[in-house]
*Asks:* 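Can you keep this structure in mind? I'll have questions shortly.
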Amino acid sequence: MRKLAVLHSQYKVWVPALQRAEPRLDIRGWHPEDRDLDHPWLSDCEALFAWKVPMGLLGHMPGLRWIQNSGAGVDHLVNHPELPPDVLITRADGHFGVPMARYVAAHFLWDTQALAACREAQEQCRWEGRLMAEDLGGARALILGFGRIGRRIGEVLRLLGMEVTGFVRQPRQDPDFALFGAQDLPSHLPKARLLVVVAPLTSETRGIVDRHLLAHGHGHLTLINIGRGEQVVVPDLLEALDQRRLGRAVLDVLPQEPLPPDSPLWKHPKVTLTPHHAGPSTPEAVIPDILPNLQTYAEGRTIQGAVDRSLGY
Ligand code: GLV
């Protein structure tokens, strides 16, 4: 029986769920901080299911050939100093599109439907007939990162009436959406209503939302970051909000998580913070997406669809 090691803070939930999904595997799990690992068992284990891989673990897994990431972003694995170059990494991004599109729609519509003002009027028993929703017909949404998740968000924003443009590493022809290179983002920003960052964290996207980009923004622009915290330069973001180069920022990811209590972001009136929950990684959501990989491994076939570690995703 082939072995799959699970290293996850919720391993007690994941191990039985993975075992039910693929009974042909010998699956054992540990908490990432567990010091009591079964080193002999791990030594010839070829597969690992994990989120963060602690330093020191991989030295006990010389037989490792494949890591199945429990989430979408693999920056922590691609940059892991102890991961041998020939270990395959697969992502789990197939199920995140709809929940993340809901997240974007909820936070954006909260503003454009004037929900806070409606609630305030209600609290004052005030029938405020002039409280109209903003017309999003033709309003422009820019989505940085247009893989499976970004595309789903684009589809939802388009249904809301917006004109959607995607930004990717390599511009390509797409039958449904206009796609540009990320370097074209500044020229699109002046007319945009919404910028969604959902790109993988790579050397090209690290710090991409900085003062140079935001210099092209305006006070009616909303930024929603559901990619990685390191893609937004926080001091530049605060400056842009204060100088009306940005109207509002919704941040689900931050350079340091949890966000330290003294961060000015907590209390900023134009910032909404959420605890990295836009794309929940539960077994119910993730396992159907990664089942083909589990089956491929159980049958001794070659894992398909591994990330390109040189590109970082
Ligand atoms: C979460 O951030 C993920 O990458 O799955």
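Counting convention: from 1, in listed order, for ligands and their atoms alike.
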*Asks:* Would you please indicate if the ring centroids of His8 and Trp51 are separated by under 6.0 Å?
*Replies:*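 No: the rings miss the under 6.0 Å criterion.
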
*Asks:* Give every residue pair that meets the ring pair (Phe, Tyr, Trp, His ring centres under 6.0 Å) criterion with at least one member in residues 132-155, sequence neighbours excluded.
*Replies:*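 Of all non-adjacent pairs touching residues 132-155, those that pass ring pair (Phe, Tyr, Trp, His ring centres under 6.0 Å) are Phe146-Phe177.
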
*Asks:* At a heavy-atom distance under 4.0 Å, which protein residues reach ligand 1? Sort them by chain and number, would you?
*Replies:*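 Contacting ligand 1 under 4.0 Å are Trp51, Gly71, Ala72, Gly73, Phe96, Arg228, His276.
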
*Asks:* Output every pair passing side-chain hydrogen bond (donor to acceptor under 3.5 Å, both in side chains) with a member in residues 259-269, not counting sequence neighbours, ordered by first then second residue.
*Replies:*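 Qualifying pairs, neighbours excluded: Asp242-His268.
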
*Asks:* So, Arg148 and Asp93, do they make that salt bridge, N to O below 4.0 Å?
*Replies:*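 Result for this pair is yes, salt bridge flagged.
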
*Asks:* Check the orientation of His31 and Tyr11. Use parallel for under 30°, tilted for 30 to 60°, and perpendicular for over 60°.
*Replies:*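 Rings of His31 and Tyr11: perpendicular, over 60°.
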
*Asks:* With a cutoff of under 4.5 Å between side-chain heavy atoms, which Ile, Leu, Val, Met, Phe, Trp and Tyr residues group with Trp30?
*Replies:*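 Joined to Trp30, directly or through intermediates: Leu7, Leu37, Trp41, Leu42, Leu48, Val53, Leu57, Leu58, Met61, Leu64, Ile67, Val74, Leu77, Val78, Leu83, Val87, Ile89, Val307.
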
